[in-house]
Amino acid sequence: MKDRKKEITLLIIGILTLVSLVVGATYAFFKAQTGPAANFNVITTTGTTDNLTFTTVGNILINASANNFAKGSEDLNGTITATASLIANDSTNTTEPYYYNVYLEVMENELEYSSFKDHDGELPNLVFKTRYDKTLGNNIDYRGVTNGYDPIPELYLTITGPNGYKFDIDFPVATLKNEDDSYDITELREGIYPLVLNKSIQVGELDNGTKKEEWKVKVTLKNLDSNQQLNTGKTFNAKVIIQAEKIPMNLMDVCSEGDNLANCIQLLHDKSEFGASNLLYHDGKADYEGEENYTLEAGDNSYRYSGSYEKVNNYICFGTKCSTDPKEEGYNNLYRIIGTFGSDGIKLVKADYANKELLGEGTQKPTGDLSQANPETNGSHYTGNPYRATTGTNGEKDAYIHRYYQYKGNLTQVDRYRWQENGNDKTAANWNTSLLNNIHLNTNYYNSIDSTYRSLIKGHIWIWGNNNATYNNIALGTNAKSVYDNEIGANSKTNQKTTDSENIGLLYVSDYLYGATPNNWSKQPFNNKWSWNDSNGITDKFGNPTVSFNEHEEETDYRSATDSNWLYMGLWDWLITQRHDDTNGTDSPVYAFPLDASGRVRYNYVGTNSFVVRPTFYLDSSMTKYKSGTGTINDPYTLQV
């Protein structure tokens, strides 16, 4: 962790390095290397020692080349054995129980589902089209499949325990258990996942002084009888950790009822690992070995959650009860912790978008039915039916999905509001006079919160504009740090525009950028370079024309970070920051920055565009105490009030 070396006296970490460079999903060449064993001594009550040893046999490097990308090629398999061995002391030839833990650490996984089947099991031939589609005539990114299709697992994990037992695991994210007791980890993102917790090992009288337990970890990359072009050139990188010490995963592992919540968050960061806690300390120094882009941290000494929507366990119940069912009252009490910000407090954001029941009536417009395949997410961009299915080559099904719509929440409809209501394209962007700010958020929404919990909210002076909050510095900003500096940091002092002390606000652009894992912080919030390449006669393994991908420079902006950013929700929603440098022929700026549905930062008229809203506020750190919970959506943190 930050600025300290962990002294581990009762553990040895066995490491499996699994690097999978995927070209399609094909046969690959395996090369295994055997690493040395390691051991440590455990002092018993008799004053002699039992010897507990953890080992992993072999490092596997798996490469798949374009030559292997052929129909009918073999699956790609790799198996590593992790072992716990206990030798009893000489006098008794037996031991008391000892305990150990086994984890899977995914350090990188770029794979995603590339093949799908309908509910009857029929396998469509998928054609992935990017950007300008000459047939459909739209500058839109199509990828994946339409509603009515299920993803086909491509990457499998199997855990076999002692004596050949297929061990039943429970990842804290959505995974599929298959009929052969393997688990679908195709889209299991970066992080540390417990496989075996508190496993006891003991040498008994019949064990002849030695007990050995083996765990076989097998990963299989399936070569499907379908087009897997989407995963060409992508990487999966993981290792196995076996050790005596349990890695703290959430606040319950480090805190007790009545402890200060801000201190608990800091303690979890200090005692855990980023892959387990998803917490980073933004002081400009590396939190963990091998961390990318730590120099791009905010530098404000905040503790922030970063990681994928499913992996980050930072849900908190800010009310007397919470529910995951939007039909129940407790759904509106579900929030997520952005992080702790020193004297400013603990920052929360609503877990799903707010509707008129909380924000009140105005000029809001509802979205389409988000449970169907035709959500209208804003007033002027990408409306209508985003899902299209056509009949492709040789009568086979080709399925397309509008990737921009990846709504993560549970609402069937969301109300959209203007940043500055009752206006036009000349309306000035002034958050201090905004009805969204003054009426919908700081009157209606604030008063909808239970009074006991409302007393924990701390007023905050929100920065909503300055001379450096320009299109080039924010939407086209070089990286997360440069955006932070120009939005609310060191470069935001010139003509800085702030509120008085107000209770409710919206996300900053930099809040959103830092919600992603650090490897994304060097990307631009938005890249405005468009290009398109035809297939040039290239065909897939089925003989169908393919596309030469350019991806609209997608890998350099935040569209490629949506799977690694828990703050990405999938619809257009307003941010609090005004764009300073465009007045549209008036005396004042007329734009503010929203997130678009693809995960990028854009700019839009505040007087005419209507987007959804995620209320944000700070809690008084001195008054906010942890009570219970593990931070998952089904077991959110609760507060002692």
Side-chain angles (χ1 to χ4, degrees), residues 6-18 32-60 77-105 156-172 177 180-183 192-220 238-249 253 271-273 275-276:
K6 270 193 171 180
E7 294 193 6
I8 306 174
T9 59
L10 296 180
L11 61 89
I12 292 294
I13 300 178
I15 300 176
L16 153 68
T17 302
L18 172 62
Q33 296 176 328
T34 301
N39 62 71
F40 64 87
N41 292 330
V42 180
I43 305 300
T44 68
T45 57
T46 62
T48 57
T49 61
D50 297 323
N51 186 271
L52 181 57
T53 304
F54 296 123
T55 64
T56 57
V57 180
N59 298 327
I60 295 181
N77 293 288
T79 301
I80 290 294
T81 300
T83 304
S85 300
L86 180 61
I87 301 175
N89 64 65
D90 294 337
S91 60
T92 66
N93 225 29
T94 62
T95 69
E96 296 298 319
Y98 294 99
Y99 297 88
Y100 66 92
N101 307 278
V102 184
Y103 300 88
L104 176 72
E105 181 173 4
Y156 293 81
L157 173 72
T158 303
I159 307 295
T160 305
N163 303 316
Y165 175 65
K166 289 291 184 67
F167 198 72
D168 193 13
I169 61 178
D170 183 18
F171 280 124
K177 185 175 181 180
D180 62 353
D181 292 323
S182 64
Y183 290 82
I192 296 176
Y193 301 91
L195 302 181
V196 185
L197 294 178
N198 298 318
K199 178 64 177 69
S200 64
I201 184 171
Q202 181 178 11
V203 177
E205 294 180 355
L206 302 178
D207 291 325
N208 296 320
T210 302
K211 185 66 173 290
K212 179 183 291 186
E213 294 185 348
E214 292 185 344
W215 299 90
K216 293 185 178 180
V217 180
K218 180 180 179 182
V219 175
T220 301
K239 68 181 179 180
V240 166
I241 302 171
I242 180 169
Q243 63 183 49
E245 184 182 63
K246 186 177 180 180
I247 300 174
M249 305 293 292
D253 291 335
K271 288 184 173 292
S272 187
E273 305 290 342

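Annotation: the span from T160 atom OG1 to E214 atom CD amounts to 11.0 Å, rounded to 0.5 Å. Distance check, rounded to the nearest 0.5 Å: NZ of K199 to CD1 of I242 gives 10.5 Å.
Using a 4.5 Å heavy-atom cutoff, the side chains of L86 and Y98 are in contact. Side-chain atoms of E205 and N93, non-hydrogen and from C-beta on, never get closer than 4.5 Å to each other. In this structure the side chain of L52 never reaches within 4.5 angstrom of the side chain of D50, judged on heavy atoms. When side chains are defined from C-beta on, E105 does not count as touching Y193, because their heavy atoms never get closer than 4.5 Å. Side-chain contact check for V196 versus W215: some heavy-atom pair is nearer than 4.5 Å. Residues L157 and L104 form a side-chain contact, since some pair of their non-hydrogen atoms from C-beta on lies under 4.5 Å apart. With contacts defined as side-chain heavy-atom distances shorter than 4.5 Å, the pair Y100/E213 qualifies. Residues S272 and I247 have side chains in contact (heavy-atom distance under 4.5 Å, counting atoms from C-beta outward).
Smallest separation of non-hydrogen atoms from D253 and K246: OD1-NZ, 4.5 Å. In plain terms, the two heavy atoms of A276 and P248 that are nearest each other are CB-O, 3.6 Å. Between A82 and T56 the shortest heavy-atom distance is CB-CG2, 3.9 Å. Taking each heavy atom of T83 and K212 in turn, the nearest pair found is CG2-CG, 3.4 Å. Nearest approach of D207 to G204, heavy atoms of both residues: OD2-N, 2.7 Å. Across all non-hydrogen atoms, the minimal contact from S200 to Y99 is CB-CE2, 3.4 Å.
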Kindly determine whether T53 and N51 satisfy side chain to side chain donor-acceptor pair (under 3.5 Å), including the steps that lead there. CA-CA 6 Å; T53 304; N51 186 271; 2.9 Å; yes
How far apart are the C-alpha atoms of I241 and V102, what are their side-chain angles, what is the distance that settles it, and do they pass the side-chain contact (heavy atoms from CB on, under 4.5 Å) test? CA-CA 6 Å; I241 302 171; V102 184; over 6 Å; no
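Looking at T92, I87, T95 one by one, the single match for side-chain contact (heavy atoms from CB on, under 4.5 Å) with V203 turns out to be T95.
Remark: side-chain polar atoms of E273 are not paired, donor with acceptor, to backbone N or O of G275 under 3.5 angstrom.
Heavy atoms of other residues, nucleotides or ligands lying less than 6.0 angstrom from CG of N198 number more than 12.
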